[in-house]
Amino acid sequence: MPYARVNELHRHIGESVTVRGWVTTTRSSGKIAFVVLRDGSGYLQAVFSKRDVPDATWARVAELSLETSVAVTGVVRADARATGGHELTATDVEVLGASPDFPISPKEHGSTFLFEHRHLWLRSRRQVAIAKVRNEVVQAIRDFFYERDFVLVDTPILTGSIGEEAGNLFSTDYFDLGKAYLAQTGQLYVEAAAAALGKVYCFGPTFRAEKSKTRRHLTEFWMVEPEVAWNDSDANMRLQEEFIAAIVARVLDRRLEELKELERDTAPLERVVGPFPRISYTDAVAKLNALGSDMEWGNDLGGDDETLLAREYDRPIFVYNYPKGVKAFYMKENPEDPRTVLNNDCLAPEGYGEIIGGSQREDDHDRLLARIVAQGLDPEAYRWYLDLRKYGTFVHSGFGLGVERTIAWICGNPHIRESIAFPRQIHRLYP
RNA sequence: UCCCGAGUAGCUCAGUUGGUUAGAGCAGCUGACUGUUAAUCAGCGGGUCGGGGGUUCGAGUCCCUCCUCGGGAGCCA
């Protein structure tokens with residue numbers, strides 16, 4: 001008997017096939033039983049009629065419990081009553097792995113319970129849909145850069161020199177060389193690679209030891225960081241807008257079924273086309289003050305301010321040229337207003353907040369050194385980074401996109417933690 | 001670290017100004033039912049009320065303390 005995956009069944013109508021998977025739901029009406037299977041490619045309802053199967057088979061069907069792994073054999077039938085459009089008129093079932101007392105019932109559960117059972121929760125329809133959207137987002141990212149002739153450069157996770165400040169980094173002993181830190185960004189390394197390859201990006205996990213307890217933060221999350229030689233801040237924003245629009249369009253094109261499963265209203269996603277509104281930080285402050293916020297020029301935008309501002313628009317927005325004091329040392333000073341730097345954040349609509357932080361980098365050796373010293377950092381640790389400005393310095397820009405934040409936004413999830421299979425949070429290291 | 005909230009059955013929760021034997025729905029088990037989509041109907045079992053201490057004739061309920069978890073702030077993607 002040939003094996004088939006659920007998403008191949010349209011090629012087997014009228015044939016007898018065997019499908020292997022896990023029991024998602026069972027319903028019985030005494031003489032007819034419905035068993036819904038999941039095999040990863042889709043869901044399939046197998047229908048057993050007591051009249052048509054041997055007593056021993058019927059007895060096995062009656063005992064099936066949630067998440068039992070089974071091989072079900074039957075004839076494929078197109079049936080409009082079935083979700084997915086196909087049904088199996090089942091003739092046999094073989095239990096491959098029993099599943100007594102599966103902890104997650106189809107009823108409601110609290111988030112603590114579900115994350116404690118994350119390894120099993122991944123099997124639920126919702127989580128399967130999110131995993132597929134994530135896969136699409138990741139593939140869209142890789143294809144976007146590959147098609148534009150970027151080179152992927154994998155940056156180290158263990159690092160000695162440090163991205164911004166040491167306070168929020170995880171550290172570990174590193175042989176005889178003292179402390180090593182888990183990377184919180186690949187950016188500095190990718191700047192070095194940009195001088196070798198022109199257009200590059202890194203894509204991997206990053207770590208923040210900050211004790212964040214919000215719906216927008218994870219301690220381990222994935223970030224994609226392109227870096228482009230000769231791009232100024234303006235070109236950097238154009239790349240970001242093209243990038244985000246491409247990701248959203250790709251998901252709408254290929255994962256509509258999953259978005260439907262997630263009950264995501266796709267209308268706001270369909271509006272995600274460039275150009276995105278651009279507001280200077282200074283204008284943003286004035287606008288926020290007019291909207292009732294009491295924030296003052298010189299402070300960073302808080303979460304509430306970001307939400308307030310983004311709500312004024314129907315697509316992602318850029319806020320650019322922040323005060324130097326609230327931003328990292330490597331951002332290039334704005335020649336037209338030295339109080340500010342040539343950077344931007346991209347704020348997602350619908351209250352999802354910052355999904356990108358980007359900037360043009362300081363390419364002048366002496367100015368960069370001065371910023372490092374002014375921030376109390378050790379210039380020796382940044383010697384190699386300063387070298388990039390000593391040997392053929394170049395205008396360059398880049399940004400970091402938070403993958404889980406982007407997925408949460410596209411899926412319409414209220415919390416970031418469902419966007420990754422096994423989220424690491426301050427109170428969660430299991431499973 | 002700070003502010004707010006929660007902890008009662010396997011799960012989600014209710015539990016009144018302190019009152020006698022702590023409840024419901026779902027899940028589980030038993031039975032009925034040939035088209036169910038969280039099926040439905042009938043019946044049955046199920047409790048260290050987060051831990052410790054205190055007040056009281058009497059505490060799930062009030063007080064103190066500790067623990068755990070959730071949300072938010074800060075930090076940022």
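Proteins get letters first, then strands, A, B, ... in listed order; numbering begins at 1 in each.
- Note on A:Ile356: only backbone sugar-phosphate atoms sit closer than 4.0 angstrom, heavy atoms only; bases stay farther off.
- If you check every strand for non-hydrogen atoms under 4.0 Å, A:Ser29 touches a base.
- Taking the six-membered ring where the residue is Trp, the centroids of A:Trp384 and A:Tyr189 are separated by under 6.0 Å.
- Only the C1' atoms considered, B:G15 is 8 Å distant from B:G60, to the nearest whole Å.
- A donor and an acceptor atom sit less than 3.5 Å apart, one in the side chain of A:Gln45 and one in the base of B:U36.
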Quiz prompt | Watson-Crick or G-U pairs under 3.5 Å in RNA chain B, rendered as dot-bracket with [ ] for crossing pairs and | for another strand | solution = (((((((..((((.....[...)))).(((((.......))))).....(((((..]....))))))))))))....
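- Taking CD1 of A:Ile317 as the reference point, atom SG of A:Cys346 lies at 8.0 Å (rounded to 0.5 Å).
- When rounded to the nearest whole Å, the span between CD1 of A:Ile426 and P of B:C75 equals 16 Å.
- Here the nucleotide nearest the side chain of A:Thr112, chosen from B:A77, B:C69, B:C11, is B:C69.
- Of all nucleotides listed (B:C75, B:G72, B:U34), B:G72 comes nearest to the side chain of A:Lys213.
- To the nearest whole angstrom, the two C1' atoms, one in B:A14 and one in B:C75, are 40 Å apart.
- Within the 4.0 angstrom heavy-atom criterion, only backbone atoms of the sugar-phosphate kind lie near A:His415; the bases stay farther away.
- Rounded to whole Å, the separation between the C1' atoms of B:G10 and B:C29 comes to 14 Å.
- The 5' end of RNA chain B is approached more closely, in terms of each residue's nearest nucleotide, by A:Gly110 than by the other of A:Gly110 and A:Ser28.
- Atom CG of A:Asn168 and atom P of B:C75 are 11 Å apart (whole Å).
- Nucleic acid contact for A:Leu401: none, since no nucleic acid atom lies under 4.0 Å from a heavy atom of the residue.
- Taking atom C1' in both B:U37 and B:U30, one finds a spacing of 25 Å when rounded to whole Å.
- Annotation for A:Asp305 and A:Leu288: closest pair O-CD2, 3.5 Å, computed over non-hydrogen atoms.
- In this structure, the CZ atom of A:Phe48 is 15 Å from the C1' atom of B:U34, given to the nearest Å.
- Computed from coordinates, the A:Glu87 CD to B:U36 C1' distance equals 10 Å when rounded to whole Å.
- Here the closest non-hydrogen pair linking A:Arg264 and A:Pro268 is NH1-CG, 4.1 Å.
- In this structure, A:Phe34 does not count as stacked on the base of B:G35 under the 5.5 Å centre distance and 30° plane angle limits.
- In this structure, CD of A:Gln425 is placed 12 Å from C1' of B:G71, rounded to the nearest angstrom.
- In this model, the phosphate group of B:A39 is approached by a side-chain N or O of A:Arg27 to a distance below 4.0 Å at OP1 or OP2.
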With a cut-off of 3.5 Å and sequence neighbours excluded, list every side-chain donor-acceptor pair involving residues 410-422 of chain A.
| residue | atom | partner | partner atom | Å |
| --- | --- | --- | --- | --- |
| A:Asn413 | OD1 | A:Arg126 | NH2 | 2.7 |
| A:His415 | ND1 | A:Arg417 | N | 3.1 |
| A:Arg417 | NH2 | A:Ser111 | OG | 3.4 |
| A:Glu418 | OE1 | A:Gln127 | NE2 | 2.8 |
| A:Ser419 | OG | A:Glu404 | O | 3.2 |
| A:Ser419 | OG | A:Ala408 | N | 3.4 |
| A:Ser419 | OG | A:Ile416 | O | 3.1 |

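- At the phosphate of B:G71, OP1 or OP2 sits under 4.0 Å from a side-chain N or O atom of A:Arg417.
- With hydrogens and angles ignored, a donor-acceptor pair under 3.5 angstrom links the side chain of A:Ser212 to the base of B:C75.
- Remark: of the listed residues A:Leu239, A:Asn236, A:Val200, A:Val190, A:Leu239 is the sole one forming a side-chain contact (heavy atoms from CB on, under 4.5 Å) with A:Val228.
- Atom CD in A:Glu210 sits roughly 13 Å away from atom P in B:U1 (whole-Å rounding).
- You'll find the ring centres of A:Tyr382 and A:Phe329 inside the 6.0 Å limit.
- In terms of position along RNA chain B, the nucleotide closest to A:Asp101 lies nearer the 5' end than the nucleotide closest to the other residue of the pair A:Gly302 and A:Asp101.
- Remark: P of B:U36 and CD1 of A:Ile32 are 9 Å apart, rounded to the nearest angstrom.
- Among the heavy atoms of the strands, none lies under 4.0 Å from A:Ser111.
- At the heavy-atom level, A:Arg77 lies under 4.0 Å from base atoms of the strands shown.
- Using a 4.0 Å heavy-atom criterion, one finds that A:Arg428 contacts no nucleic acid atom at all.
- For the pair A:Arg51 CZ and B:G35 P, the computed distance is 12 Å after rounding to whole Å.
- Separation of the A:Phe203 and A:Trp222 ring centroids falls under the 6.0 Å cut-off.
- The base of B:C69 has none of its N or O atoms less than 3.5 Å from a complementary donor or acceptor on the side chain of A:His427.
- Taking CG of A:Leu218 as the reference point, atom CZ of A:Arg208 lies at 11.0 Å (rounded to 0.5 Å).
- Here the two rings, on A:Phe243 and A:Phe399, have centers that are under 6.0 Å apart.
- Listed candidates were B:A77, B:C11, B:G74. Nearest to the side chain of A:Ile416 is B:A77.
- With P as the reference atom, B:A22 and B:A9 are 14 Å apart, rounded to whole Å.
- One C1' atom belongs to B:U56, the other to B:U61, and the distance between them is 13 Å to the nearest Å.
- Rounded to the nearest Å, the gap between the C1' atom of B:G52 and that of B:G7 is 16 Å.
- Checking B:C76, B:A77, B:U12 against every side-chain atom of A:Phe113, the shortest atom distance belongs to B:U12.
- Comparing B:U12 with B:A59, their C1' atoms are spaced 25 Å from each other, to the whole Å.
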